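Since the structure comes first, as C-alpha cells, the remarks are kept for the end.
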Amino acid sequence: MIVRQEIKPLLEQPPLGEEVTVMGWVRAWRGNRFMVLNDGSGAENLQVVVDQDKFSEETLRQIGFHTCVSVRGQLTESQGSGQSVEVMADRLEILGGNDLSSYPLQPKKQTMAFLRDNAQFRMRTNTFSSVFRVRHGVAYAVNKYFHDRGYYYLHTPIITGNDAEGAGEMFRVSTLDPVNPPQNEDGSVDYDQDFFGKATNLTVSGQLQAEIGALALGKVYTFGPTFRAENSNTSRQAEFWMIEPEIAFADLDNDMNLAEDFVKYLINFCLEHYQDDLEFLDQRIQDTEKNMRAADRRPMGLVDTLKFVVANDFARVTYTEALDILLRSKTYKKGKFEFPLEWGTDLQAEHERYLVEKHFERPVIVRDYPKDIKAFYMRQNDDGKTVAAMDVLFPYIGEVIGGSQREEREDRLRQRMQEMDVHTDELAWYLQLRTFGGCPHAGFGLGFERIVQFITGMGNIRDVIPFPRAPRLADF
RNA sequence: GCCUCAGUAGCUCAGUUGGUUAGAGCGGCGGACUGUUAAUCCGUAGGUCAAAGGUUCGAGCCCUUUCUGAGGCGCCA
C-alpha cells in the first residue's frame with residue numbers, strides 16, 4: 001500500500017520536525033537544489049530542498065518540469081522567504097520521468113487555445129487545476145444545498161423521445177444503419193424499427209420529467225448533462241450540465257427567491273472553501289488586464305465581485321419596467337443600441353448588459369415576459385399578454401438562470417400548446433399532471449458551466465469544461 | 001450561421017513602401033552553480049513563414065480559396 005501525505009493539509013497544519021512522505025509533480029526545479037511540488041490537493045505548492053550529495057546523478061538528472069516524484073524527509077521551517085515550510089529530502093524516487101525534449105508544456109504563460117489543444121496536460125497548470133477544483137466545489141455545493149433543504153435529486157433521462165420545448169437542435173440517437181435505414185412508403189425513415197420503436201434524441205432539458213417528480217415528492221432537482229446540436233461559434237456548447245429544481249406549491253416569487261438564495265449559496269461556498277484558488281484566479285485576471293485599456297478592465301477584482309454579489313439583493317423588475325428603463329436611457333436616446341426596443345421582442349445581450357452593468361450595477365431578475373417569446377408551459381398572467389417567467393442576468397456572462405411558474409390549469413395549457421403547435425398527444429402524460437391532482441408549481445434551469453465561469457472569472461466557457469464538446473471538437 | 005481580426009522555431013512574439021542568408025525571449029540539448037522564488041550565467045541546435053493556387057524579375061509581406069484560432073453577434077442555459 002502506498003502511504004503519503006497530501007500537500008494542502010500539510011501546509012495548513014505543518015507538523016514541523018516530523019518525517020513526511022509527499023508525492024506530486026515538479027512545478028519548478030531551481031539551482032539544482034529547490035524543487036517546487038504540487039499534488040493537486042490545493043493551489044499552494046510545497047518546496048523540497050534537495051542535497052545533491054545524497055542522491056545519484058542519475059536520479060538528479062531526471063528531475064524536471066512536471067516530472068512525477070516521491071519524496072521523504074523532515075518538514076522544517078524554510079530559510080527562504082517565498083514559503084513558510086519546506087521538506088529536506090532524505091529519500092527521492094522518480095515515479096514518472098518526463099521527456100522534456102518533446103513535452104508540450106512549459107513553465108511560463110501559454111495561451112488558453114494552446115492548452116485546450118493539450119487537454120491531457122492542462123490540468124497540471126495552476127490555472128486549470130484551480131478552475132477544476134472550483135468546478136468540483138460548485139457541483140458539491142449544488143447537491144449539498146438541495147439535500148440540506150429537503151429536495152430530492154431526480155435523475156431524468158439522457159435519451160428521450162420528446163423535445164422538451166423546442167429548445168434547440170437535437171442529437172439523434174439511433175441504432176439504425178446510417179447508410180440504408182429502413183424506410184416508410186413515402187421514403188421517410190421508419191423509426192418503428194429503431195431500438196426504441198420511435199425517433200429518440202439526447203435530452204435538451206430534464207424539466208418536464210422533473211415536474212413529474214415535483215408533483216409527487218414536493219421538491220426535486222435534476223443535475224445532469226444536456227445536449228444541443230446548434231452550430232455555434234462562441235459560448236454555446238454541444239454538451240453542458242444543467243441544474244433544474246422544480247418545486248410544488250410555489251409561484252414565481254418563490255421561484256425567484258430560490259434562484260437568488262441558491263446562486264448566492266454556491267458563490268459563498270466557493271469563497272469559503274476555495275479561497276486560495278479564487279485568489280490565484282483573481283491575481284491571474286489582474287495580470288492579464290494589466291496591458292488593457294482601463295475601460296476594458298473589470299471594475300472590481302474577482303473575489304470582490306463575488307463578495308459584492310452575495311452581499312447585495314438582486315434587482316427585480318418586470319419586462320415592461322426593464323423596457324421603460326432602456327427607452328429612457330442615454331444609450332437609447334443617442335441611438336447607441338444596435339437592436340430595436342419594442343414591447344414584445346426579446347431583450348438583446350446589449351440591453352441585458354446595460355441593465356446589469358450600467359443601470360443597476362448588480363445581478364438583475366427580469367420577470368413577466370411577453371408570452372409569445374416564451375415556452376408553452378409557462379403560466380399565463382391575468383393581463384393576457386405576459387407569462388410568469390423570469391431570467392437572472394449576471395455581469396460578464398449574461399443570462400445564468402431561466403425559470404418560470406408552470407401553467408397548472410389544464411385548459412389554459414392545452415390552448416397554449418395548440419396555439420404554439422406543440423403536439424398534445426406526445427405530451428399527454430404532461431397534461432395528465434394537471435388533470436389528476438395538479439397544483440401551482442415552478443422551477444428554473446441554471447447553466448452549470450456559466451456559474452462556474454462567473455465564479456472563476458474565466459473568459460471562455462470552454463476553459464471551465466474538462467473536455468468541451470462543440471462543433472468540430474470531440475477529442476478525448 | 002454572420003461580422004471583424006489573426007496564423008512566422010516546441011511556446012510567446014518581432015519582421016520597414018515587396019528586395020540578398022528569417023530575428024528575439026522562453027523552452028530543449030551540453031556545461032557552470034548548495035538558499036533559489038518565472039533562479040542565474042556560458043554555449044548550441046531548431047523554420048516548406050497554416051495549406052493550395054495566383055500576381056511579380058523577385059512574396060513572410062499583395063490577391064483568391066480552404067483550414068484553424070481569438071473576439072463580437074445571433075440563439076440560448
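The structure presented is a predicted model; accordingly, all values stated were derived computationally and were not measured. Residue numbers begin at 1 in each chain, while the letters A, B, ... track the order of the sequences.
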Worksheet item: Counting side-chain heavy atoms from C-beta on, which of B:rU34, B:rG69, B:rU36 comes nearest to A:Phe34?
Response: B:rU36
Worksheet item: With centres under 5.5 Å and planes under 30° as the test, does A:Phe240 stack with B:rA77?
Response: yes
Discussion item. Could you tell me how far B:rA39 sits from B:rC26 if I compare only their P atoms? Round to whole Å.
Written reply: 12 Å
Worksheet item: Does a nitrogen or oxygen in the side chain of A:Gln47 sit under 4.0 Å from OP1 or OP2 of B:rU36?
Response: no
Practice prompt. Select base, sugar-phosphate, or nothing to describe what A:Phe394 touches, counting heavy atoms under 4.0 Å on all strands.
Written response: nothing
Item to complete: Would you indicate what A:Asp346 reaches in the nucleic acid, counting non-hydrogen atoms under 4.0 angstrom: base, sugar-phosphate, or nothing?
Response: sugar-phosphate
Worksheet item: Of the nucleotides B:rC73, B:rG69, B:rC76, which one has an atom closest to the side chain of A:Phe339?
Response: B:rC73
Item to complete: Would you please confirm or rule out a distance under 4.0 Å between OP1 or OP2 of B:rC33 and any side-chain N or O of A:Gln52?
Response: no
Worksheet, complete the sentence: Side-chain contact check for A:Arg450: nearest option of B:rG74, B:rU37, B:rC76 is B:rC76
Discussion item. So that I know where these two stand, are A:Phe65 and A:Trp29 an aromatic pair - ring centroids less than 6.0 Å apart?
Written reply: no
Fill in: Side-chain donor or acceptor of A:Arg27 paired with backbone N/O of A:Arg124 under 3.5 Å
yes
Discussion item. What's A:Val50 touching, base or sugar-phosphate or nothing? Going by heavy atoms closer than 4.0 Å.
Written reply: nothing
Worksheet, complete the sentence: Scanning all shown strands, the Watson-Crick or wobble mate of B:rC26 with both distances under 3.5 Å is B:rG10
Worksheet item: Do A:Leu202 and A:Ile158 have side-chain heavy atoms sitting under 4.5 Å apart?
Response: yes
Discussion item. As a test of reading the structure: which of B:rA77, B:rU34, B:rC73 is closest to the side chain of A:Glu399, going by heavy atoms?
Written reply: B:rA77
Worksheet entry | Residues, nucleotides or ligands: over 12 heavy atoms within 6.0 Å of A:Tyr153 OH | yes
Fill in: C1' spacing across the pair B:rA59 / B:rA77, given as an integer number of angstrom
48 Å
Worksheet item: Touch check for A:Glu449, heavy atoms < 4.0 angstrom, all strands: base, sugar-phosphate only, or nothing?
Response: nothing
Discussion item. Under 4.0 Å, counting only non-hydrogen atoms across every strand here, what does A:Ile243 touch: a base, just sugar-phosphate, or nothing?
Written reply: nothing
Item to complete: Taking the six-membered ring of A:Tyr145 (Phe, Tyr or Trp), confirm whether the NZ or CZ of A:Arg149 is under 6.0 Å from its centre and within 45° of its axis.
Response: yes
Worksheet item: A:Arg30 side chain N/O closer than 4.0 Å to the phosphate oxygens (OP1, OP2) of B:rA39?
Response: yes
Report all interatomic pairs (protein N or O, nucleotide N or O of nucleotides 23-32 of chain B) with separations under 3.5 Å.
| from | atom 1 | to | atom 2 | distance (Å) |
| --- | --- | --- | --- | --- |
| B:rG25 | N2 | A:Lys108 | NZ | 2.8 |
| B:rC26 | O2 | A:Gln106 | OE1 | 3.4 |
| B:rG27 | O4' | A:Gln106 | OE1 | 2.9 |

Worksheet item: For B:rU12, does OP1 or OP2 lie under 4.0 Å from any side-chain N or O of A:Thr111?
Response: yes
Discussion item. Determine whether the aromatic ring centres of residues A:Tyr319 and A:Trp343 are separated by less than 6.0 angstrom.
Written reply: yes
Practice prompt. Determine the Euclidean distance between corresponding C1' atoms of B:rG18 and B:rG54; express it in Å to zero decimal places.
Written response: 16 Å
Worksheet item: What nucleic acid atoms does A:Gly80 come within less than 4.0 Å of, heavy atoms only: base, sugar-phosphate, or nothing?
Response: base
Discussion item. If I pick the P atom on B:rU4 and the same atom on B:rC63, what distance separates them, to the nearest angstrom?
Written reply: 14 Å
Worksheet item: Distance under 6.0 Å and angle within 45° of the ring axis: does A:Arg298 meet both against A:Tyr396?
Response: yes
Discussion item. Looking at B:rG71, I'd like to know if its phosphate oxygens (OP1 or OP2) sit under 4.0 Å from a side-chain N or O belonging to A:Asn460.
Written reply: yes
Fill in: Rounded C1' spacing from B:rG43 to B:rG27 in Å
16 Å
Worksheet item: Side-chain N or O of A:Arg353 less than 4.0 angstrom from OP1 or OP2 on B:rC73?
Response: yes
Worksheet item: Does B:rA59 have a Watson-Crick or wobble partner in any strand here, with both distances under 3.5 angstrom, and which is it?
Response: none
Discussion item. For a quick check of understanding: with a heavy-atom distance under 4.0 Å over all strands, which category does A:Glu352 fall into, base, sugar-phosphate or nothing?
Written reply: nothing
Fill in: Separation of the P atoms in B:rG23 and B:rA9, to the nearest angstrom
14 Å
Discussion item. Please report the distance, rounded to the nearest Å, between CG in A:Asp391 and C1' in B:rA77.
Written reply: 10 Å
Worksheet item: What is the nucleic acid contact for A:Gln110, judged by heavy atoms within less than 4.0 Å: base, sugar-phosphate only, or nothing?
Response: sugar-phosphate
Discussion item. Could you check whether A:Glu244 and A:Ser205, counting side-chain N and O atoms only, form a donor-acceptor pair closer than 3.5 Å?
Written reply: yes
Fill in: Over 12 non-hydrogen atoms of neighbours within 6.0 angstrom of CZ in A:Phe121
yes
